[in-house]
Amino acid sequence: MITLYGIKACDTMKKARAWLDERGIAYSFHDYKKEGIDPSVLRQWCAEHGWEKILNRQGTTFRKLDEADRQNIDTEKAIALMQANPSMIKRPVLDTGAQRLVGFKPEWYATAFD
């Protein structure tokens, strides 16, 4: 089963959902804000892609953190931050079962479903 992880109101999420819907690709949607995220899932993503790619440091949620919280980040601290603030998780994350795509680019999705 394909799972799309993210936040419903996010513009990038809307683009990813539209891309999948236009091609008739069935998926379940996991909303970080409503459902939270299991730390083991975050650990798996961080092991596969690195916490630096999974933790969204460009967003306002991260930028509003105290300076101390933004310093000396490692995998465990990144996971704790993302669990406490799901908006800090890069989105979307598309889990096809065989791979996880972080972010949305139409060409990445096209390659995944060729």
Side-chain angles (χ1 to χ4, degrees):
M1 180 61 164
I2 297 168
T3 304
L4 184 66
Y5 293 86
I7 296 170
K8 191 170 190 167
C10 171
D11 288 340
T12 307
M13 288 297 308
K14 291 176 185 175
K15 291 175 189 174
R17 293 178 80 165
W19 192 96
L20 293 167
D21 292 343
E22 288 167 6
R23 286 153 185 81
I25 298 169
Y27 62 92
S28 64
F29 176 63
H30 182 103
D31 190 322
Y32 300 142
K33 281 200 173 186
K34 290 183 181 176
E35 301 173 56
I37 189 78
D38 191 293
S40 66
V41 171
L42 288 173
R43 274 191 188 80
Q44 176 189 357
W45 294 349
C46 288
E48 186 174 349
H49 294 283
W51 68 262
E52 300 87 347
K53 188 169 184 177
I54 304 300
L55 178 65
N56 180 8
R57 291 176 284 177
Q58 304 304 312
T60 56
T61 305
F62 183 81
R63 288 182 286 163
K64 287 181 180 178
L65 287 176
D66 291 336
E67 185 65 27
D69 289 332
R70 290 186 278 152
Q71 299 299 317
N72 303 316
I73 298 176
D74 60 10
T75 302
E76 289 307 312
K77 186 173 181 179
I79 290 168
L81 286 170
M82 290 184 283
Q83 273 214 281
N85 304 284
S87 296
M88 285 192 226
I89 304 169
K90 179 79 173 177
R91 54 194 179 268
V93 175
L94 179 69
D95 187 340
T96 67
Q99 64 181 326
R100 265 102 357 246
L101 302 175
V102 181
F104 173 72
K105 297 268 189 213
E107 56 272 21
W108 297 347
Y109 279 38
T111 301
F113 292 103
D114 277 349

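Looking at residues two or more places apart in sequence or on another chain, you find a side chain to side chain contact (heavy atoms under 4.5 Å, CB included) between E67 and R70, Q71. Scanning for side chain to side chain contact (heavy atoms under 4.5 Å, CB included) contacts around T96 gives L94, A98, Q99, F113, with sequence neighbours left out. Under the rule for a side chain to side chain contact (heavy atoms under 4.5 Å, CB included), the partners of S40 that lie at least two apart in sequence or sit in another chain are D38. Qualifying salt bridge (Lys or Arg N to Asp or Glu O under 4.0 Å) partners for E52, counting only residues two or more places apart in sequence or in other chains: none. Take K53 and apply the side chain to side chain contact (heavy atoms under 4.5 Å, CB included) test, not counting sequence neighbours, and it matches H49, V102. Here Y109 pairs with W19, F104 under the ring-ring contact (aromatic ring centres under 6.0 Å, His included) rule; sequence neighbours left out. Applying the salt bridge (Lys or Arg N to Asp or Glu O under 4.0 Å) test to R17 and every residue at least two apart in sequence or in another chain returns nothing.
The side-chain heavy atoms of V93 and V41, taken from C-beta on, include no pair separated by under 4.5 Å. Side-chain contact check for F62 versus I73: some heavy-atom pair is nearer than 4.5 Å.
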Report, one line per pair, each donor and acceptor closer than 3.5 Å where one atom sits in a side chain of residues 4-14; sequence neighbours left out.
none

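Between W108 and G103, the shortest heavy-atom contact is CZ3-C, 3.9 Å. Contact between D69 and L81 at its shortest, heavy atoms only, is O-CD1, 3.8 Å. Contact between C46 and M82 at its shortest, heavy atoms only, is SG-CE, 4.0 Å. Nearest approach of N56 to S87, heavy atoms of both residues: ND2-O, 4.4 Å.
Residue I54 holds its CD1 atom at 10.0 Å from CD1 of I37, rounded to the nearest 0.5 Å.
Every pair tested for salt bridge (Lys or Arg N to Asp or Glu O under 4.0 Å) that includes a residue from residues 18-37 fails, sequence neighbours excluded, so the list is empty. A side chain to side chain donor-acceptor pair (under 3.5 Å) check over residues 73-84, counting only residues at least two apart or in different chains, returns the pairs R43-E76. Among residue pairs with one or both ends in residues 81-108, those qualifying as salt bridge (Lys or Arg N to Asp or Glu O under 4.0 Å) are E48-R100, D95-R100; sequence neighbours excluded.
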